[in-house]
Amino acid sequence: DMIGCEKLTPFRDHTSEQISSLPSRYSYFQFGAKWTYDKVFAAWSIALLALLFVSWRNPRETGFPALAITLTLTGLLMFAASCFLVDDQPRFRLPLWQMLVLSLFIVMGSTARVLAERKSLLGPGSGRL
């Protein structure tokens, strides 16, 4: 029925069973099965506590924990708002995953930088934007 799409062949000559088995054959489709929100949020909480612990005497380090918390809360708010308006669907989980993983990387990187500065591998303030 769609003009110009008859030449597309990604799923031509495949049965519905073959198409349904695609996610089980490729590991990148299985990310959500191994890593749940609980596990990633627990890792984020531990990493945030570690950052706060290693930088509690350094007043310059208040920006990164605040950014991490803000990103995570923004992702949670976007997810909650979409679930409040419409039933939960997998596509609504993407902003929460993106914000949570980005926040986790920021926290882990900030912790590594603070530890590196403590060991004098970097001079104080080097590597700052």
Side-chain angles (χ1 to χ4, degrees):
D1 291 343
M2 297 175 60
I3 299 171
C5 291
E6 64 272 357
K7 295 179 183 177
L8 298 177
T9 60
F11 299 114
R12 189 177 295 166
D13 301 327
H14 289 79
T15 65
S16 62
E17 290 82 22
Q18 290 173 327
I19 294 171
S20 298
S21 70
L22 285 175
S24 64
R25 287 193 289 169
Y26 298 103
S27 61
Y28 54 85
F29 285 122
Q30 302 300 321
F31 176 76
K34 294 179 183 177
W35 292 95
T36 62
Y37 289 118
D38 298 341
K39 291 178 184 177
V40 176
F41 189 72
W44 176 82
S45 299
I46 292 168
L48 184 64
L49 288 175
L51 175 61
L52 293 175
F53 180 74
V54 298
S55 65
W56 70 280
R57 288 187 180 174
N58 192 353
R60 294 183 311 150
E61 296 302 322
T62 58
F64 286 110
L67 176 64
I69 292 169
T70 303
L71 282 173
T72 302
L73 289 177
T74 302
L76 284 169
L77 181 65
M78 291 170 67
F79 177 67
S82 61
C83 288
F84 180 71
L85 297 173
V86 184
D87 290 337
D88 177 30
Q89 296 178 11
R91 66 180 180 197
F92 296 147
R93 298 176 193 159
L94 183 61
L96 178 56
W97 274 117
Q98 288 175 332
M99 298 290 189
L100 189 58
V101 171
L102 177 64
S103 177
L104 177 64
F105 288 154
I106 288 172
V107 169
M108 289 175 15
S110 299
T111 304
R113 187 177 47 79
V114 169
L115 291 174
E117 284 180 358
R118 274 198 181 170
K119 296 206 181 226
S120 299
L121 295 175
L122 297 173
S126 63
R128 277 205 180 267
L129 296 175

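As a basis for the values below, the full set of heavy atoms in this structure was taken, side chains included, without hydrogen atoms, waters or symmetry mates.
- Put simply, L52 and I69 are part of the same group of oily side chains (I, L, V, M, F, W, Y) that touch within less than 4.5 Å, one to the next.
- Of the options I106, T111, V107, a side-chain contact (heavy atoms from CB on, under 4.5 Å) to L48 is made by V107 and by none of the others.
- Across all their heavy atoms, W44 and A68 have their closest contact at CZ2-O, 3.8 Å.
- Between T74 and M99, the shortest heavy-atom distance links the atoms CG2-CE, 4.2 Å.
- Two different hydrophobic clusters hold L49 and F53 under the rule that ILVMFWY side chains link at heavy-atom gaps under 4.5 Å.
- Criterion: ILVMFWY side-chain heavy atoms under 4.5 Å apart, direct or through other members. Under it, V40 and L73 are part of a common hydrophobic cluster.
- Scanning all heavy atoms of the two residues, the minimum distance from L104 to A47 falls at CD1-CB, 4.1 Å.
- The shortest distance between side-chain heavy atoms of V114 and F64 does not fall below 4.5 Å.
- Under the 30°/60° scheme for interplanar angles, the aromatic rings of F79 and Y37 are found to be tilted.
- A side-chain contact (heavy atoms from CB on, under 4.5 Å) with F41 holds for exactly one of T72, T36, I46; it is T72.
- At a threshold of 4.5 Å between side-chain heavy atoms, the hydrophobic network of Ile, Leu, Val, Met, Phe, Trp and Tyr places L100 and F105 in one connected group.
- In this structure, the separation between CZ on F92 and CG on L85 is 8.5 Å, given to the nearest 0.5 Å.
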